[in-house]
Amino acid sequence: MPELPEVEVVRRGLADHVTGRTISTVVLHGHRVARRHAPGPQDLSDRLAGRTVTGAHRRGKYLWLSLADAPDAVADEALIVHLGMSGQLLVTDPADAEARHTHARVSFTDGGRELRFVDQRTFGGFALADLVDGVPTSVAHIARDPFDPGYDRDAVVRDIKARRSGIKRVLLNQTVVSGIGNIYADEALWRAQVHGERLASALTKPTIGRLLDHARDVMAEALGQGGTSFDALYVNVNGASGYFDRSLAAYGQEGRPCPRCGSTMRREQFMNRSSTSCPRCQVRPRGL
DNA sequence: CAGCGTTCCTGGGCGC
DNA sequence: TGCGCCCAGGAACGCT
């Protein structure tokens, strides 16, 4: 599942492959891929044709390509790409056969390799938005992620401390701190030895700070491994397949021994999804 | 208004 | 063999 490290790998691939190139055509299959673009797929295709990509950017799990001004533009614009749970961006030869679940093809005026959006579960999609202070308007509600130069750790700690909600739910709330999904939330909670259903406001500020630092660290480690294992033509990530197997202590490790104390890792349902944790290192709060 | 449950999607895997 | 159910989960939305 693409979380921050996986999306960052994709961003780097895009920066290498499409920056400076001019879009010739954008073909969208079906309406769903452009459902977050209110004026619809035709408008999206029409407005992208002829635009030059000036850069590849990311905040949390959102990715966008900044575009050179259109002749009649009133604001800077960007093509936003969200990978959802299964989205992939592939750089392919235009003559290659289309993979199953291809929803978009972006070709360039130089006739070189094109960009394809492949998404099995169709939670991802494209949209066009105005940029305000370098961030698309539809991404403005997303908080800065731990790798953003403007990330204010202490402010995030104070925000979390004020929340009357389970800590895991808060870590997954992209308006508090972005980029953390189920995988890295479980890893950070395990490292900090905190149960995800502990009330955020009941944790001490140092504990909250440690949790955030663990989340940042585990994502940095994943990025370090993900960044080296991908073919140049495959701008995505099939998750951190290499990372998954070797380095995860908690996520998906139900039934395995805790790497710290040897207790059998347990899985619990929480927020309609699974959480894996150590019953001894991460004590469930009383009364829940 | 913050918090929380629900819903959108598809296909791989597995039990019977 | 084949059917049907479970599961993965980010983010928007609506209700309390």
Side-chain angles (χ1 to χ4, degrees), chain A residues 1-8 10-11 28-38 58-64 80-89 99-104 117-127 129 135-145 156 158-189 196-203 215 219 222 236-241 243-245 248 250-255 266-276 285 288:
Chain A
M1 309 306 146
E3 296 183 27
L4 186 153
E6 293 75 33
V7 177
E8 175 59 17
V10 176
R11 188 199 67 75
L28 302 173
H29 298 325
H31 64 280
R32 196 171 156 77
V33 64
R35 69 192 184 287
R36 307 232 181 271
H37 184 72
R58 183 190 56 72
R59 172 174 285 188
K61 303 167 195 168
Y62 278 87
L63 197 60
W64 65 91
I80 301 164
V81 179
H82 198 291
L83 301 175
M85 337 176 17
S86 56
Q88 303 176 332
L89 281 169
R100 194 155 147 72
H101 307 301
T102 298
H103 302 295
F117 181 65
V118 178
D119 186 12
Q120 180 197 102
R121 293 176 204 170
T122 71
F123 276 37
F126 284 9
V135 177
T137 51
S138 48
V139 181
H141 66 292
I142 300 294
R144 292 177 192 271
D145 60 63
V156 175
R158 286 194 297 275
D159 183 354
I160 292 176
K161 179 75 182 165
R163 301 240 167 200
R164 306 186 97 75
S165 179
I167 184 62
K168 181 167 178 182
R169 179 180 279 277
V170 176
L171 290 176
L172 294 174
N173 182 343
Q174 305 296 303
T175 68
V176 175
V177 54
S178 69
I180 304 172
N182 203 36
I183 298 169
Y184 300 111
D186 272 4
E187 293 303 307
L189 288 163
E197 291 183 64
R198 296 265 301 276
L199 204 58
S201 54
L203 299 175
M219 289 193 290
N236 166 30
V237 168
N238 175 359
S241 41
Y243 181 75
F244 260 57
D245 296 328
L248 293 178
Y251 181 82
Q253 304 301 306
E254 181 193 14
R266 69 175 162 214
R267 184 168 72 143
E268 297 167 302
Q269 284 298 119
F270 175 55
M271 286 177 65
N272 240 352
R273 58 200 38 156
S274 344
S275 295
T276 310
L288 286 173

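All figures in this text were calculated on a predicted structure; none of them were measured in a lab.
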*Asks:* In this structure, how many angstroms lie between the C1' atom of C/dA12 and the NE2 atom of A/His82, rounded?
*Replies:*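 One finds 11 Å between C1' of C/dA12 and NE2 of A/His82, rounded.
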
*Asks:* May I have the step-by-step check of side-chain contact (heavy atoms from CB on, under 4.5 Å) for A/Asn173 and A/Arg163, ending in yes or no?
*Replies:* CA-CA 11 Å; A/Asn173 182 343; A/Arg163 301 240 167 200; 3.8 Å; yes

*Asks:* Find out whether A/Arg144 and A/Val156 are in side-chain contact, i.e. whether some heavy atom of one side chain is under 4.5 Å from a heavy atom of the other.
*Replies:* no

*Asks:* Using a cut-off of under 3.5 Å, enumerate the N/O to N/O pairs linking the protein to nucleotides 7-11 of chain B.
*Replies:*
| from | atom 1 | to | atom 2 | distance (Å) |
| --- | --- | --- | --- | --- |
| B/dC9 | OP1 | A/Arg32 | NH1 | 2.5 |
| B/dC9 | O5' | A/Arg32 | NH1 | 3.1 |
| B/dC9 | O5' | A/Arg32 | NH2 | 3.4 |
| B/dG11 | OP1 | A/Arg100 | NH2 | 2.9 |
| B/dG11 | OP1 | A/His101 | NE2 | 2.9 |
| B/dG11 | O4' | A/Gln120 | OE1 | 3.4 |

*Asks:* Output the rounded distance in Å from CG (A/Asp119) to P (C/dA11).
*Replies:*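 My rounded result for the distance is 13 Å.
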
*Asks:* Please list, pair by pair, any protein nitrogen or oxygen found under 3.5 Å from a nitrogen or oxygen in nucleotides 14-16 of chain C.
*Replies:*
none

*Asks:* Separation of A/Arg59 atom CZ from C/dG10 atom C1', in whole Å?
*Replies:*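 Between C1' of C/dG10 and CZ of A/Arg59: 17 Å.
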
*Asks:* At their closest point, which heavy atom of A/Leu203 faces which heavy atom of A/Arg198, and how far apart are they?
*Replies:*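 Scanning both residues completely, I find the closest heavy atoms to be CD2-NH2, 3.3 Å.
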
*Asks:* Within this structure, what is the OH-to-C1' distance between A/Tyr184 and C/dG10, rounded to whole angstrom?
*Replies:* 15 Å

*Asks:* For the residue pair A/Phe117 and A/His103, does the interplanar ring angle fall in the parallel (under 30°), tilted (30 to 60°) or perpendicular (over 60°) class?
*Replies:*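 Correct class here is tilted.
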
*Asks:* Atom CG of A/Asn173 to atom C1' of C/dA11: distance rounded to whole Å?
*Replies:* 10 Å

*Asks:* When you measure from the side chain of A/Arg273 to the backbone of A/Asn182, do you find a donor-acceptor pair of N or O atoms at a distance under 3.5 Å?
*Replies:*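 Not a single qualifying donor-acceptor pair exists.
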
*Asks:* Would you kindly give the NZ-to-C1' distance between A/Lys61 and C/dA11, to the nearest whole Å?
*Replies:*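 Taking NZ of A/Lys61 and C1' of C/dA11, I get 9 Å after rounding.
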
*Asks:* Of the listed nucleotides (C/dC7, B/dG3, C/dG10), which one gets closest to any side-chain atom of A/Arg267?
*Replies:* C/dC7

*Asks:* Go through the steps for A/Ser138 and A/Arg36 under the test side-chain contact (heavy atoms from CB on, under 4.5 Å), then give the verdict.
*Replies:* CA-CA 9 Å; A/Ser138 48; A/Arg36 307 232 181 271; over 6 Å; no

*Asks:* Measure from NE2 on A/His141 to P on C/dG10 and round the result to the nearest Å.
*Replies:* 14 Å

*Asks:* Could you tell me which residues satisfy side chain to side chain contact (heavy atoms under 4.5 Å, CB included) with A/Arg169, sequence neighbours excluded, listed by chain and number?
*Replies:*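 A/Arg169: side chain to side chain contact (heavy atoms under 4.5 Å, CB included) contacts with A/Ser165, A/Met271.
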
*Asks:* Figure out the CG/C1' separation between A/Asn182 and C/dG10, and round it to whole Å.
*Replies:*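 Going from A/Asn182 (CG) to C/dG10 (C1'), I get 10 Å.
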
*Asks:* Between C/dA11, B/dC4, C/dC7, spot the one nearest the side chain of A/Gln174, thanks.
*Replies:*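 Within the option list, the nearest is C/dA11.
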
*Asks:* So, A/Lys168 and A/Asp186, do they make that salt bridge, N to O below 4.0 Å?
*Replies:* yes

*Asks:* Please work out if A/Arg163 contacts a base, only the sugar-phosphate, or nothing of the nucleic acid, heavy-atom cut-off 4.0 Å.
*Replies:*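 A/Arg163: backbone/sugar contact only, no base atoms under 4.0 Å.
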
*Asks:* Check whether any side-chain N or O of A/Glu3 sits under 3.5 Å from a backbone N or O of A/Ile183 as a donor-acceptor pair, and report yes or no.
*Replies:* yes

